Every structure is written in structure tokens, then in C-alpha cells.
Amino acid sequence: MIDQAVDLTNCDREPIHIPGLIQPHGALLVLQEPDLTIVQVSSNTFELIGHPPKDILGKPLLALLAPKQIATIRQCLSEDFEHVNPLDISIKREAKLLRFDGIVHRQNALIFLELEPKQKSRKADFFEFYQRVKGTITKLQKAPTLLEMSEAVVKEVRKVTGFDRVMVYQFDAEGAGRVIAEDRVESLTPYLGLHYPPSDIPKQAKQLYTLNWLRLIPDCTYQPIELVPAHNPADHPLGDRPTDLSLSVLRSVSPLHLEYLSNMGVGASMSISLIQDQKLWGLIACHHSTPRYVPYSVRTMCEFVGQVMSVELANKENHEDLDYKMTLKSLQGKFVESLSQSERFLDGLIQLDSNLLDLVSASGAAICAANHITCIGQTPPETELPALRDWVKTQIQHNQFETRSLSQLYPAAASFKAVASGVLALEISQFHQNYILWFRPEVVQTVNWGGNPNKPVEVTDDGETRLSPRKSFEKWQETLQGCSLPWKPCEIEIVTELRSLIVVVILKQADDLAKINLELERSNSELDSFAYIASHDLKEPLRGIHNYSNFLMEDYAALLDADGVAKLNTVVRLTQRMEDLINSLLHYSRLGRAELSRQPTNLAEVARQAIDTLRISQPQSSIEFRVPRSLPTIHCDRTQISELFTNLLTNAIKYNDKSEKWVEIGFTESARVELDKGDSEDPLLYSFYVRDNGIGIPPPHLERVFQIFKRLHTQDQYGGGTGAGLTIVQKIVERHGGKIWVESTLGEGSTFYFTLKQEGNHE
Ligand code: ADP
């Protein structure tokens with residue numbers, strides 16, 4: 001078994017930007033401003049430019065180059081290097097004039113001048129060069145798909161460079177590369193479709209690839225050339241440190257990389273970065289079986305092709321799966337429509353059923369709302385879902401998470417990988433704990449690797465572990481288990497968009513609700529004051545009618561016949577009744593307006609007083625009052641709670657035709673009633689009851705008895721009443737943050753339950 005840790009740390013730690021070495025096909029001069037003093041050179045200057053390092057170190061560049069050339073370099077330094085490189089540089093060596101491509105850049109306040117000897121070949125004509133580039137770019141742009149563009153690129157790059165093999169690699173999310181297009185000499189083994197493990201290109205190399213668009217190794221068997229001196233000049237701001245060669249075109253590459261290439265049978269290599277969103281998307285990789293030099297001008301063209309392809313990547317990807325994207329968009333539209341029509345957005349999601357799955361081509365989904373999970377299609381067992389959801393929550397970034405191999409990240413998923421190897425999760429609200437999880441089944445796949453991707457570890461003589469790149473690049477097949485089909489970027493995008501849409505819908509619903517609440521509050525208080533004013537003002541004329549009817553009775557009864565007297569009596573009775581009704585209404589509206597005066601109240605005492613009052617007012621009836629255990633002391637408005645008990649007890653006695661009447665007053669703490677989510681946690685919520693063995697209430701009227709002036713009996717039955725008692729009781733309970741309801745069996749009795757919240761402001 002290969003130790004992955006050894007593999008990654010070894011390669012990823014190699015400081016490849018400061019090797020202190022360059023490749024031998026050019027010479028490097030490091031210069032310091034303002035005089036462009038030569039402070040560091042590659043040790044091959046004699047071979048290449050005819051001056052050994054000791055002769056030129058410490059001298060100004062003027063000692064080497066003609067003033068005109070220096071002026072060009074100076075001008076170049078004030079411009080964008082990319083646009084002026086390469087410079088035409090010539091150096092006199094005895095009678096000969098040596099000609100170079102000069103490549104200049106500035107890094108850490110040092111000037112780097114790299115000199116590559118010009119090839120003897122015919123100087124490329126600018127127009128020819130332009131035509132070539134233009135032709136290539138048109139082909140790239142015209143290619144309808146990413147794949148066709150890649151195929152055009154490998155052909156064109158091979159044509160201009162003459163490499164044996166040119167490939168386009170694409171990296172996946174894990175960093176593994178896949179050859180998606182290839183153009184090669186017939187006799188070579190095809191690499192098309194092969195995968196390469198992420199460790200083939202270490203992290204820091206990838207980082208350098210995003211800085212430099214192109215790298216060339218003309219001869220993989222080269223002997224590296226040292227820099228003299230090895231470090232930055234001592235007076236350099238970065239001090240006496242190895243020189244940073246990140247942007248140098250001659251920089252020597254890692255010996256591991258050379259070993260890798262030679263194992264692969266590669267004699268020369270060039271690679272061009274393909275970058276999307278500042279990330280390395282892939283590479284155009286060129287191999288030649290023997291050494292091969294590519295002049296700077298051709299490299300520039302290849303680099304340009306890479307840059308155009310990089311820009312085109314997004315275009316091509318956007319055009320890919322266009323029909324599928326259109327379908328997704330229309331599904332998304334349906335989605336939002338259905339959500340905005342349903343009162344609770346989760347209901348809307350559930351109703352969508354298979355549409356929810358089609359949206360991302362999933363085979364199952366779980367809709368999580370607080371502690372409730374609803375499943376659609378094929379999902380992991382319901383018992384597994386809460387734990388999975390909780391784990392997914394920890395993985396979510398930017399409101400989403402996706403994986404195609406869940407069991408690798410979350411081992412518990414191994415048991416249900418058949419239905420859920422792929423998971424795409426969307427966080428709709430962290431606060432409300434609303435999530436949607438989509439699932440995709442396992443699809444067993446065969447991956448063709450370019451050689452066994454597990455790097456062997458070699459042990460050197462001194463017993464230390466050293467890495468060696470793999471020796472064989474023979475096709476190596478791996479069966480991939482526990483993986484689903486990958487989530488496409490357009491699917492992830494549609495889901496992210498969906499979240500924003502849902503949020504808009506929810507916000508709108510919340511807004512509407514807030515408006516309705518405000519409206520309700522306003523009309524409630526208007527009604528209250530209306531009831532108060534109306535009943536208050538009605539009382540006076542009513543009193544007048546009542547009094548005058550009485551006067552009539554007293555002074556004129558003798559003048560009327562019996563019928564007249566009876567009618568007058570009815571007027572008196574009706575006005576009396578009307579006054580009772582108005583008084584109840586007035587009382588009710590006052591209850592809504594008065595401040596609650598909460599104080600610690602011993603309910604046992606309140607109930608006892610109510611019972612005593614009732615006993616006094618109804619001495620003839622024998623009623624048994626049962627109080628199984630002493631009622632608690634709670635924080636409430638004593639007067640109102642006393643009225644509540646009196647009302648309930650009065651009813652319990654009134655609506656009772658049994659010879660042995662009893663009323664029981666009790667309470668429970670354990671059977672706490674959930675008013676809403678928050679209250680269920682409240683330890684101070686009591687549930688009281690008043691039970692009787694009276695006539696009972698028919699089921700259809702169980703709720704109607706709380707309506708104002710609603711009576712189930714005629715005026716004369718059961719001692720009469722205004723029908724406001726229970727409405728008042730309900731108001732008192734609600735003002736105490738509680739609820740009231742009744743359970744009853746006709747003919748056997750009724751139980752009125754109510755809860756009271758001691759603290760908290762529910763008014
Ligand atoms: P009322 O002044 O008529 O008693 P309430 O609002 O107190 O008005 O009660 C409304 C109606 O509910 C009553 O008319 C009666 O029909 C019914 N009701 C109230 N309490 C009981 C009870 N304990 N048993 C049976 N019916 C009851």
C-alpha cells in the first residue's frame with residue numbers, strides 16, 4: 001500500500017521556483033537598476049556569449065551590449081514586457097556577431113535578461129505569422145463545441161511546433177487530468193481518454209502554471225546550469241536568498257519531473273496553460289521523442305493560442321448542453337411559480353415531486369425543514385437522513401455542497417451508496433434549517449489511467465524514503481465504485497439560482513404576511529374602540545326607553561287592556577336584556593383595552609373564593625366541588641383570572657341537569673400543550689381544566705360556544721345568559737398568552753381546558 005502522505009508532501013514541498021539553476025539552451029543575466037549592473041549570471045555565459053561570469057559580474061550591461069540595445073531594454077522596462085519580448089540582441093564575439101532572442105522581465109526589483117541564441121532558420125515573416133495565427137484563431141472560434149475546439153487546437157499547435165504529440169488535458173475537480181484531444185505521429189501509442197492522477201502535477205507547479213502561460217524543455221536530458229553567485233545580491237531588499245525564478249523562461253525544472261518525462265519516453269516537452277476564472281482548467285501538452293527547440297516567436301504564438309482558447313472555454317461551455325439548459329430553465333420557472341402560489345414554500349416543493357428531481361437529473365431528494373424530512377424518489381433510508389443532513393450542514397459553503405462520491409467523504413454512506421453516491425445539497429435557510437438534498441445512484445465506471453496512478457515509493461541507500469515517478473505509462477484500468485455521474489456546472493448553477501429565487505418568494509410572502517398582520521391589528525383595535533363607543537353611547541338612550549316604559553307601566557297601566565300591559569312588559573324585559581347584552585359587550589371591549597396587572601396569584605385561593613361566591617348565590621343547589629390537588633401560584637392578573645373561574649364554574653353548574661352535580665378543578669404540568677415551537681420549551685406553561693358532569697356540548701358546537709352572544713339554548717332554558725361569558729373567558733386566556741378549548745360528551749359532561757403563560761408579553 002502506498003503512503004499517500006509521503007507522496008503528496010514530498011512533491012508539494014519542493015521549492016521549484018528557486019532551483020538556483022537554469023536550462024542550458026540560454027543564458028541568464030540578473031541586473032540591478034539604475035545602472036543595469038550585472039549582479040548574477042548563469043555559469044554558461046562563456047559558452048553562449050563568449051564572456052566568463054567573472055569578466056562580466058559587477059559590470060554595467062553597457063560593457064556587453066551596444067548603447068542602442070541598452071536603450072531598447074530601458075524602454076522595454078517602462079512598458080509591458082509581454083508586448084515587446086523578444087528583443088533582438090546581438091553581442092560581438094571576436095569577429096562574429098552572435099544573435100539572440102532577448103526576453104526581459106522584472107521580479108522583486110531585479111531585471112532578468114534571458115538570452116536564447118537565434119536559430120539559423122529563415123526569419124519568420126510577420127505577415128506569414130499573422131496569417132497563421134489568424135487562421136488558427138478563426139478555427140478555434142468557429143468550433144461549435146469544446147471538444148471540437150480542443151481537436152482544432154492540438155492539430156494547429158502540432159502543425160506550428162512540429163512536436164510528435166500534442167494533447168489537451170482537462171483537470172477535474174480533484175485535480176486529475178484527462179486527455180480530451182490528441183494529435184500525434186501515427187506510430188505513437190494513443191493517450192486519448194487516459195486519466196492522470198492529481199499528484200502528476202504538484203500544487204506549486206500548478207500555481208506557477210497560472211503565472212507563466214508557457215514552459216519549454218527542449219531537452220529532457222539536459223544538465224542544469226548554476227547561477228553565479230547562487231543567491232540574490234547581499235544588498236537586495238530580500239537579502240541573500242535564492243533568486244526567485246518564477247517568471248524565468250529558462251528556469252530549470254524539478255528532477256522528478258524530468259524523471260517522469262524520461263520514463264514516459266519524452267525527449268522534449270512544452271506545455272501551455274489553459275486558465276479559466278484564474279484557475280488552471282487544463283493544459284496543451286506537447287511531447288517529442290527527441291530533443292526539440294521551439295523559437296520564442298513560435299512559443300509566443302502558441303501562448304496566444306492558449307490565451308484565446310482560455311477565453312473561448314467559457315463560451316463553449318455555455319453552448320454545451322444548450323437544450324438541456326433550456327429544459328432546466330423552464331423547470332426552474334415552474335418551480336418558482338408553484339412556490340409562489342403555495343402558502344408554505346416547502347409544501348410547494350413537495351408538490352413538485354418528480355419535477356424537483358428532473359431539475360438536476362436526480363433520482364431522489366430529501367426536503368428538510370427544521371426536524372421534519374420529506375422524501376421524494378429513491379433516497380437513503382429515512383433513519384439515516386437526519387445524520388446525513390447534519391453532516392452535510394458542516395460541509396456547506398456558499399449555500400451549497402456537492403459530491404459524486406459521498407461514501408469517500410462520509411463513510412456511513414457506504415451502506416446506501418447504490419442510491420446516494422452523488423449528493424447535491426442546497427441550504428435555503430440556515431436559521432430555519434431548510435435544506436434540499438438531491439441524490440444520484442452509484443454508476444460503476446471504468447477509468448483508464450496512463451499507468452498505475454499510485455506512485456511507488458523508492459527507498460534509497462541511506463534508508464530514506466524518496467519518491468520516484470512511475471516507470472510505466474501502460475494503460476491501467478481501474479473500476480470506480482461508489483461514484484455517481486458528476487453534477488454538471490449548469491445543474492449546480494441552476495440550483496444556486498433557485499435559492500435566490502426561493503429567497504425572493506419567501507421574502508415576499510413574509511412581507512405580505514407582515515402587511516396583513518398590521519392591517520389586522522389596526523382593524524382589531526378599531527373594532528375594540530368601536531364596540532366600546534357604540535355600547536357606551538347606546539346605554540343612555542336604552543336606559544331612557546327602559547325608564548319611560550316603566551313610567552308607562554306605573555302611570556298608565558290602568559288605561560291599557562291586558563294585551564297592552566303584556567306588550568309593555570315585554571318592552572321592559574327586552575330593554576333589560578338589551579342592557580345586559582350591551583354591558584357584556586362593554587365589558588368585553590374593556591378587557592381588550594385594559595392593561596394586564598400581573599402579580600403572583602394563588603390560584604387555589606382564587607378558585608376557593610369563586611366557589612364560595614357560587615355557593616352563596618345558589619344556596620338551594622347541592623353541588624360537589626372537587627379540587628384533586630391544590631392549584632399553583634402563578635403570575636397573572638388576579639381579577640381577570642378570578643372572573644375566568646367564576647364564568648367557567650357558573651356554566652358548569654348552569655348547564656347541568658343531573659341530580660348529583662359535580663365540578664372538578666385541576667391542572668397538569670406534564671401534558672404541556674404546544675402553542676407554537678417556542679412555547680413548547682417553556683417550563684412555566686400550565687394546563688388547567690374545569691370539568692363537569694353536565695349536559696355536554698354537541699360536537700359541531702365545540703368551537704362555536706366561544707363566539708360572542710352565541711348560545712345553544714333558548715332564553716328561558718338553563719337560567720339564561722347573554723352568550724358573552726365564554727368569549728370573555730377566551731379573551732382573558734389569550735391575553736395571558738394561552739389557549740382554551742373544550743372536550744365534551746353529550747349527556748355526560750364537558751371539560752374546559754386552558755393554558756396560562758405566566759411570563760412573556762402576549763398582549
Ligand atoms: P351563556 O351566557 O349563555 O352561558 P357562554 O358564553 O358562557 O354564554 O356559553 C355559551 C354557550 O355554551 C352556552 O349558552 C351553553 O349553551 C354552552 N355552554 C357553556 N358552558 C357549558 C357547559 N359547561 N356545558 C354545556 N354547555 C355549555
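Computed from a predicted model, the values in this text were never measured in an experiment. Only this structure's heavy atoms are used, side chains among them; waters, hydrogens and symmetry mates stay out. Every number for a ligand or one of its atoms is a count from 1 in the order of the listing.
Numbered from 1 in the order shown, with element, the atoms of ligand 1 that lie under 4.0 Å from a heavy atom of Gly721 read 2 (O).
Counting heavy atoms closer than 4.0 Å to ligand 1, residue Phe706 contributes nothing at all. The side chain of Ile697, and not its backbone, has at least one atom closer than 4.0 Å to an atom of ligand 1 (non-hydrogen atoms only; side chain from C-beta on). Within the 4.0 Å heavy-atom criterion, the part of Asp692 lying near ligand 1 is the side chain and not the backbone. Only side-chain heavy atoms of Lys654 come within less than 4.0 Å of ligand 1; its backbone N, CA, C and O stay farther off.
Across the listed options Lys710, His701, Gln707, Lys710 owns the non-hydrogen atom lying nearest to atom 11 (C) of ligand 1.
Taking the six-membered ring for Trp and the full ring otherwise, the centers of Phe401 and Trp487 sit at least 6.0 Å from each other. Taking the six-membered ring for Trp and the full ring otherwise, His713 and Tyr655 have centroids separated by under 6.0 Å.
Lys661 has no carboxylate O lying under 4.0 Å from a charged side-chain N of Glu624, or vice versa, which leaves the two without a salt bridge. A salt bridge does not link Lys731 with Glu643: every distance from a Lys NZ or Arg NE/NH1/NH2 to an Asp or Glu carboxylate oxygen is 4.0 Å or more.
Checked by atom type, the side-chain pair Glu491/Tyr324 shows a donor-acceptor distance below 3.5 Å.
Judged by the shortest distance from any of its heavy atoms, Gly694 lies outside the 4.0 Å radius around the atoms of ligand 1.
Using a 30° and 60° split on the angle between ring planes, His536 and Tyr532 fall in the parallel class, below 30°.
With hydrogens left out, the protein atom closest to atom 6 (O) of ligand 1 is Leu726 N, 2.8 Å, a heavy atom.
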